[in-house]
Amino acid sequence: MMSFIVRNITYPAWMVLQGDGGSLKYLNEFGKADRMTPEELARENLQRLKGMLVHAYENTGYYKNLFDERGFSPYSFNEPSQLEILPVLTKEIIRNNQVALTASNIPEEKRSMANTGGSTGTPMTFLRDRESIWLRWGQEHYFNMWMGHDIGEKAALFVAASHFDGAVSRLRSRIRNATCERLLRFDPHNITDSYMREFALEYLAFRAPMIKCFPNSLAIFADFLEREGISTHPVRTVSCTGETLYEWQRGLFTRVFGAEIFEKYGTRESGVIACECAMHSGMHVFAPGIHMEIIKPGGEMALPGEAGKIVITDLFNRAMPLVRYEIGDMAVAGDGKICRCGSPLPLVKKILGRDREIVMDVKGNPKPGYLFVEAVNELNLPAQFQIEQTERGSLVVRIANGRRDIDTSLLRAKCLEIMGEGAKIDFEYTDEISRDPSGKYSYVISRVSPFRDGH
């Protein structure tokens, strides 16, 4: 059988033919970063950044006007601090300038549309070019290899509902999963003891060496296994993303699965932005694809140990360039020192504000908060939302931005679908939804612990 060699690992031809060929070819390129000095990596990334700025200026109306207005020339760009003359790009700006932000030299057939709720809680649509999608998959594979997981190995997924539904509802996807992807998906819409008992049997038979998860979702299953006294096979790696990974969750996952726990930070817009290494002393930023700034409230750059908002410039997506894009999350700046693992990729000390809590439905079953986030995103409602639970089986849905004319009937139906018939769903209108002291916007705030001891 034909095979391909990538980073000294041999992959069968079916892995390339089933779709991963577009990402495999980038792994050798990304692997070069491991052998660079920080200075060499910085010089290369400066050229990538300059190339994206020139592309944005020459092919989008938005950046042409902005750069000229600010007296910013991408052709003479030679220092990252020069970016500070440009304002940050917000989700509101993107929503209001879709055409002006779209690159004219990327044909429509090479673009695809995606959406995200982002940390502001308001849905946003954006465009990606096809090549950037493959680059992002290669980027994820790169970090997976850091965690000891090879392409083609089995993995158990405890992630978004869309990942579960999309892969099991179509025959083609079933065949692809059985022959190529080798994934076992946990259904977050069906978290009952009876379902988890059935899923545990599948999980034990599947014997995946890696778990990819949203921490709150995996914590529900891990807590069930521990409560029921169900022993599992040892897992090499648990990869956590999408939410804050708490220390009690690290401990729970280590006890139940016997795995090394890694935290990743990613977004729908730019893929896996940062990841822990085996030293677990911070998160490495994927500098070949992302230029990250950490900015304090006053606009100045955060010093080592200081917290600030994350602002990124995407170095891959040419269909809709994101220059100084404010994601909405916060981070603690690193000290600029090389990690003990030897990687030249820069470190941030900690990512703040990745928390979607768990609510309890009318029957007392735990439901991950991201189910509600997905519901809001799917409906594409033009407002900021927040959901709070203070008692089992009831929710308060807050709507901000002064939007009192929104039809809430579909959202109510979605909430009832998740919570169960008989749930109490109340709507409140407010001018603003405040952030917590860390600067984080919480999609879902739960005052009801789904765990027996409250952790």
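Heads up: numbering here begins at 1 and tracks the sequence.
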Problem - Reported OG1-to-CD distance for the pair T430 and Q384, which is rounded to 0.5 angstrom - result: 9.5 Å
Exercise for the section: Would you please indicate if the ring centroids of Y203 and F221 are separated by under 6.0 Å? Expected result: yes
Problem - Close side-chain approach of V359 to V444, heavy-atom, < 4.5 Å - result: yes
Practice task
Looking only at non-hydrogen atoms, find the nearest pair between A259 and T254 and report the distance.
Solution key: O-OG1, 3.8 Å
Exercise for the section: Would you check if there is a donor-acceptor pair between the side chains of N144 and E153 at a distance under 3.5 Å? Expected result: no
Handout entry: Y63 (side chain) donor-acceptor with P321 (main chain) under 3.5 angstrom
Key = yes
Handout entry: Atom of N317, atom of R128 and distance for their closest heavy-atom approach
Key = OD1-CA, 3.4 Å
Exercise for the section: Over 60° means perpendicular and under 30° means parallel, so classify the ring planes of F253 and F257, tilted if in between. Expected result: tilted
Problem - Minimum-distance pair of heavy atoms, taken over all atoms of E263 and L245 - result: OE2-N, 3.7 Å
Problem - Sidechain-backbone polar pair: N115 side chain, T125 backbone, donor-acceptor under 3.5 Å - result: no
Problem - Main-chain N/O of M52 paired with R318 side-chain donor or acceptor, under 3.5 Å - result: no
Practice task
Decide side-chain contact (heavy atoms from CB on, under 4.5 Å) for F286 and F143; before the verdict, give the C-alpha distance in whole Å, the side-chain angles of both, and the deciding distance to 0.1 Å.
Solution key: CA-CA 9 Å; F286 189 73; F143 278 131; 3.8 Å; yes
Exercise for the section: Determine whether F262 and C240 make a side-chain contact, defined as any pair of heavy atoms from C-beta on separated by less than 4.5 Å. Expected result: no
Exercise for the section: Mind telling me whether Y57 and Y75 have parallel, tilted or perpendicular rings, with 30° and 60° as the class edges? Expected result: perpendicular
Problem - Side-chain ion pair, E140 and K212, N-O less than 4.0 Å - result: yes
Practice task
Dump the intermediate steps for side-chain contact (heavy atoms from CB on, under 4.5 Å) on I290 and L315, then the final yes or no.
Solution key: CA-CA 6 Å; I290 295 291; L315 305 182; 5.9 Å; no
Problem - Lys NZ or Arg CZ of K154 over F206 ring: under 6.0 Å, within 45° - result: yes
Practice task
Would you check, one step at a time, whether the test side-chain hydrogen bond (donor to acceptor under 3.5 Å, both in side chains) holds for Y142 with D34?
Solution key: CA-CA 10 Å; Y142 170 84; D34 297 336; 2.5 Å; yes
Handout entry: Audit row: E260, H280, side-chain hydrogen bond (donor to acceptor under 3.5 Å, both in side chains) steps and yes/no
Key = CA-CA 10 Å; E260 184 172 8; H280 303 287; 2.7 Å; yes
Exercise for the section: For the pair R43 and E39, find out whether any cationic side-chain nitrogen is under 4.0 Å from an anionic carboxylate oxygen. Expected result: no
Handout entry: Short side-chain to backbone donor-acceptor contact, R48 and G289, under 3.5 Å
Key = no
Exercise for the section: Kindly indicate whether the side chain of W137, heavy atoms from C-beta on, has any atom under 4.5 Å from the side chain of I133. Expected result: yes
Problem - Pair S270-D314, side-chain donor/acceptor within less than 3.5 Å - result: yes
Exercise for the section: Carefully, step by step, assess L347 and I338 under the rule side-chain contact (heavy atoms from CB on, under 4.5 Å). Expected result: CA-CA 8 Å; L347 277 172; I338 297 296; over 6 Å; no
Practice task
For M279, look at atom CE and say whether over 12 heavy atoms of other residues, nucleotides or ligands are found less than 6.0 Å away.
Solution key: yes
Practice task
Taking atom types as modelled, find out whether Y246 and N216 have a side-chain donor-acceptor pair closer than 3.5 angstrom.
Solution key: no
Fill in the blank from the handout: Of K264, K350, R250, the one forming a salt bridge (Lys or Arg N to Asp or Glu O under 4.0 Å) with E276 is R250
Exercise for the section: Taking E300 for its side chain and K296 for its backbone only, find out whether a donor-acceptor pair lies under 3.5 Å. Expected result: no
Practice task
Measure the shortest side-chain to side-chain distance between H284 and C339 over non-hydrogen atoms and say whether it is less than 4.5 angstrom.
Solution key: yes
Handout entry: Side chains of F186 and M196 in contact at under 4.5 Å (non-hydrogen atoms)
Key = yes
Handout entry: Check: E306 side chain, L303 main-chain N or O, donor-acceptor pair, under 3.5 Å
Key = yes
Exercise for the section: Measure the OG1-NE2 distance between T237 and H149 for me, rounded to the nearest 0.5 Å. Expected result: 8.5 Å
Practice task
Check whether the ring centres of H291 and Y325 lie less than 6.0 Å apart, and answer yes or no.
Solution key: no
Problem - Atom CD of E58: over 12 foreign heavy atoms under 6.0 Å - result: yes
Practice task
Could you tell me whether a side-chain N or O of Q139 sits under 3.5 Å from a main-chain N or O of V272, the two making a donor and an acceptor?
Solution key: yes
Exercise for the section: Inspect the surroundings of CD in E108 and state if more than 12 heavy atoms from other residues, nucleotides or ligands are less than 6.0 Å away. Expected result: no
Exercise for the section: Give a yes or no answer on whether the side chain of R130 reaches the backbone of K110 with a donor-acceptor pair at less than 3.5 Å. Expected result: no
Problem - Positive for side-chain contact (heavy atoms from CB on, under 4.5 Å) with E428, one of V397, V396, I399 - result: V396
Exercise for the section: Could you tell me whether a side-chain N or O of E40 sits under 3.5 Å from a main-chain N or O of T37, the two making a donor and an acceptor? Expected result: yes
Handout entry: Residue pair V256 / A222: nearest heavy atoms and the distance that separates them
Key = CG2-O, 3.7 Å
Handout entry: Side-chain heavy-atom pair L225, T232 within 4.5 angstrom cut-off
Key = yes
Handout entry: Distance-minimising heavy-atom pair for G148 and R236
Key = O-NH1, 2.6 Å
Handout entry: Donor-acceptor contact present, side-chain T60 to main-chain L101, <3.5 Å
Key = no
Fill in the blank from the handout: Smallest heavy-atom separation, I273 atom then M292 atom, equals CG2-CE, 3.5 Å
Exercise for the section: May I ask you to check whether F199 and F224 place their ring centers less than 6.0 Å from one another? Expected result: no
